[in-house]
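Quick caveat: nothing in here was measured; it's all calculated off a predicted structure. For reference, positions follow the sequence shown, starting with 1.
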Amino acid sequence: HRSMHNCSTTRARTTLATHQRRIGASQGSMKTTAMQKQLHGNGTRGKASVSRLQQATKGMRATRSGFVGVQPNSWTTATTAHNATLRTRATRVEVAATGAKLPEGRKLRVAVIGGGPSGACAAETLAKGGVETYLIERKLDNCKPCGGAIPLCMVDEFDLPTDIIDRKVTKMKMISPSNREVDVGKTLSEKEYIGMCRREVMDDFLRKRADAMGATVVNGLMTKLDLPTSKDAPYVVHYSDYSDKSSKVGKPSTLEVDVVIGADGANSRVAKAIDAGEYDYAIAFQERIRIPDDKMEYYKNLAEMYVGDDVSPDFYGWVFPKYDHVAVGTGTVVNKTAIKDYQAATRARSSKRCEGGKIIRVEAHPIPEHPRPRRVKERATLVGDAAGYVTKCSGEGIYFAAKSGRMCAEAIVEKSRQGQYMVEEADLRTYLDKWDKKYWATYKVLDILQKVFYRSNPAREAFVEMCDDDYVQKMTFDSYLYKTVVPGNPMDDLKLAVNTIGSLVRSNALRKAAAAKA
């Protein structure tokens with residue numbers, strides 16, 4: 001009996017060791033203490049163990065990457081359970097909140113100040129994740145002066161219905177200081193486009209979706225934020241409540257919350273309250289113009305971008321199509337007082353196609369130029385324009401606003417374990433770490449492009465010349481539409497580098513020639 005037991009045990013150990021070596025690469029080292037104890041029991045148990053291992057072995061077939069087709073049995077079930085336990089333990093370590101557990105029946109309370117894309121997406125994610133959420137927005141019919149362009153990936157990523165997209169732009173014209181026109185969009189497929197939205201329509205949809213998920217939407221204006229007086233004390237949000245439509249005067253109200261998300265734009269009051277620091281900003285000026293139907297037909301799927309010292313010393317002018325009108329605008333950082341002159345020049349450059357139009361709305365708003373020095377303090381943090389997430393060169397902000405709001409909210413939901421625990425500054429910083437890791441390079445590259453190509457008219461001519469290259473268009477659109485760094489072809493990259501250097505050399509020569517004449 002002892003001999004049979006030893007034999008059985010040896011065979012079982014050998015089979016087990018062999019099996020472990022084969023699956024070790026994919027599952028890691030597996031502790032076998034429990035299995036060895038079972039094998040060291042009486043002979044019957046040893047035979048049973050061998051039998052189970054033999055059954056498991058029969059259900060396998062060798063492949064280059066390991067074994068597949070393992071049949072369910074007690075050993076594999078135990079292994080799966082063990083791995084699941086390890087994964088659960090690892091997950092718990094990863095998402096453990098640094099704050100204390102909240103009282104039974106009490107959820108984490110978060111106030112989101114500002115109901116644009118960043119605030120609405122943050123509120124939706126928080127409410128869906130079990131957090132008690134308040135979304136405070138003064139202008140529920142807000143019409144922010146914004147080009148309204150959104151990348152294709154945003155439509156799917158944020159489940160946007162097509163009926164909030166006014167136009168699907170598949171063609172663009174880049175127009176240089178000398179009025180050279182370059183058609184952009186030749187590399188787009190039939191299913192690819194840039195969405196053009198009216199902010200009042202899109203923002204309203206996002207807020208209503210947050211409300212449907214359980215967020216409390218408040219028509220109010222934050223006037224003051226009292227910071228916590230101790231580690232566990234609440235933030236006190238002072239705001240004017242405009243929910244009574246019969247009165248134009250807001251009712252003074254207060255709200256106590258655990259966390260505050262500032263999504264209240266470039267002039268963020270939350271940013272001021274947490275001493276987030278100042279940053280430079282651009283002034284965007286836009287006119288909505290209703291033009292004759294025949295001219296609107298020209299713009300039905302086309303947008304225009306004008307560059308030149310006349311329309312902006314450091315940005316570009318645009319004509320973007322909307323539902324039944326066009327948005328004509330420009331922006332600048334370095335000479336804000338001349339913004340109306342730049343707008344007049346943009347109107348003049350586009351007058352041939354916008355002739356006979358009627359201005360139906362005039363809008364102006366500050367746009368941040370770089371992230372704020374501080375974006376989180378204790379249990380308050382910033383997203384969207386309040387944090388400074390607008391790209392240079394392109395001036396894009398809608399996608400990054402919505403994405404930052406969602407990423408911030410996801411960190412809060414995860415770290416609070418669906419609203420059951422208090423969160424602290426370290427928890428909120430996980431959102432900033434992920435954000436910077438994912439997008440820092442994008443902001444840096446666009447900052448460099450703006451400094452290189454928007455510094456003079458010759459440089460702008462070179463920029464427009466580059467945009468005529470199919471490879472440049474493909475790389476640019478792929479990166480914009482899908483918000484990912486697209487790997488290029490080495491030979492094409494080399495060709496692009498040579499062409500870029502050549503364009504810059506020509507632009508410098510033209511600039512020197514112009515300076516000599518002056």
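Salt bridge annotation for Glu304-Lys173: absent, with no cationic side-chain nitrogen under 4.0 angstrom from a carboxylate oxygen. A salt bridge does not link Asp470 with Lys474: every distance from a Lys NZ or Arg NE/NH1/NH2 to an Asp or Glu carboxylate oxygen is 4.0 Å or more. For Lys336 and Asp280, the salt-bridge test passes: some basic side-chain N is under 4.0 Å from an acidic carboxylate O. Between Glu200 and Arg288 a salt bridge is recorded (basic side-chain N to carboxylate O distance below 4.0 Å). Ion pairing of Lys403 with Glu157 is present here, as a side-chain N (NZ or NE/NH1/NH2) and a carboxylate O approach within less than 4.0 Å. The residues Arg347 and Glu287 are annotated as salt-bridged, a charged nitrogen and a carboxylate oxygen being separated by less than 4.0 angstrom.
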Assess the residue pair Val383 and Ile261 against the criterion (side-chain contact (heavy atoms from CB on, under 4.5 Å)); give the C-alpha distance rounded to whole Å, side-chain angles, the decisive distance to 0.1 Å, and a yes or no.
CA-CA 7 Å; Val383 295; Ile261 297 177; 3.7 Å; yes

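The backbone N or O of Val423 lies less than 3.5 Å from no partner atom in the side chain of Ser416, so there is not a single donor-acceptor pair. In this structure, Ser268 contributes its side chain and Asp264 its backbone to no donor-acceptor pair below 3.5 Å. Using modelled atom types, one side-chain atom of Arg167 and one backbone atom of Tyr323 make a donor-acceptor pair closer than 3.5 Å. In this structure a side-chain-to-backbone donor-acceptor pair under 3.5 Å is present from Ser404 to Ala401. Judged by distance alone, the side chain of Glu137 and the main-chain N or O of Lys139 form a donor-acceptor pair under 3.5 Å. Side-chain atoms of Arg269 come within 3.5 Å of backbone atoms of Met222 as a donor-acceptor pair (strictly under, hydrogens ignored). In this structure, Arg349 contributes its side chain and Thr346 its backbone to no donor-acceptor pair below 3.5 Å.
Between Tyr439 and Phe400, the ring centre distance stays below 6.0 Å. Aromatic ring centres of Tyr342 and Phe315: separated by at least 6.0 Å.
Ring planes of Phe463 and Phe453: tilted class, angle from 30 to 60°.
For Asp468, the side chain to side chain donor-acceptor pair (under 3.5 Å) criterion is met by no residue, not counting sequence neighbours. Qualifying ring pair (Phe, Tyr, Trp, His ring centres under 6.0 Å) partners for Tyr298, counting only residues two or more places apart in sequence or in other chains: none. Applying the side chain to side chain donor-acceptor pair (under 3.5 Å) test to Arg372 and every residue at least two apart in sequence or in another chain returns Tyr279. Here Asp324 pairs with Arg290 under the side chain to side chain donor-acceptor pair (under 3.5 Å) rule; sequence neighbours left out. Applying the side chain to side chain donor-acceptor pair (under 3.5 Å) rule to Ser312 yields the partners Asp314; only residues at least two apart in sequence or on another chain are considered.
Around atom NZ of Lys171, no more than 12 heavy atoms belonging to other residues, nucleotides or ligands sit under 6.0 Å away. Around the NZ atom of Lys451, the shell of radius 6.0 Å holds no more than 12 heavy atoms that belong to other residues, nucleotides or ligands. In the displayed structure, Lys191 atom NZ is contacted under 6.0 Å by at most 12 heavy atoms of other residues, nucleotides or ligands.
Among Trp440, Trp435, Tyr399, the single residue meeting the ring pair (Phe, Tyr, Trp, His ring centres under 6.0 Å) criterion with Tyr389 is Trp435. Applying the side chain to side chain contact (heavy atoms under 4.5 Å, CB included) test between Val131 and each of Asp258, Leu126, Val259 identifies Leu126 as the sole match. Here the options are Leu221, Asn219, Val218, the test is side chain to side chain contact (heavy atoms under 4.5 Å, CB included), and the partner is Tyr239; only Val218 passes.
The salt bridge (Lys or Arg N to Asp or Glu O under 4.0 Å) analysis of residues 388-398, with sequence neighbours excluded, yields the pairs Lys392-Asp447, Glu396-Lys483.
Of all non-hydrogen atoms in Arg406 and Phe158, the two that sit nearest each other are NH2-CD2, 3.4 Å.
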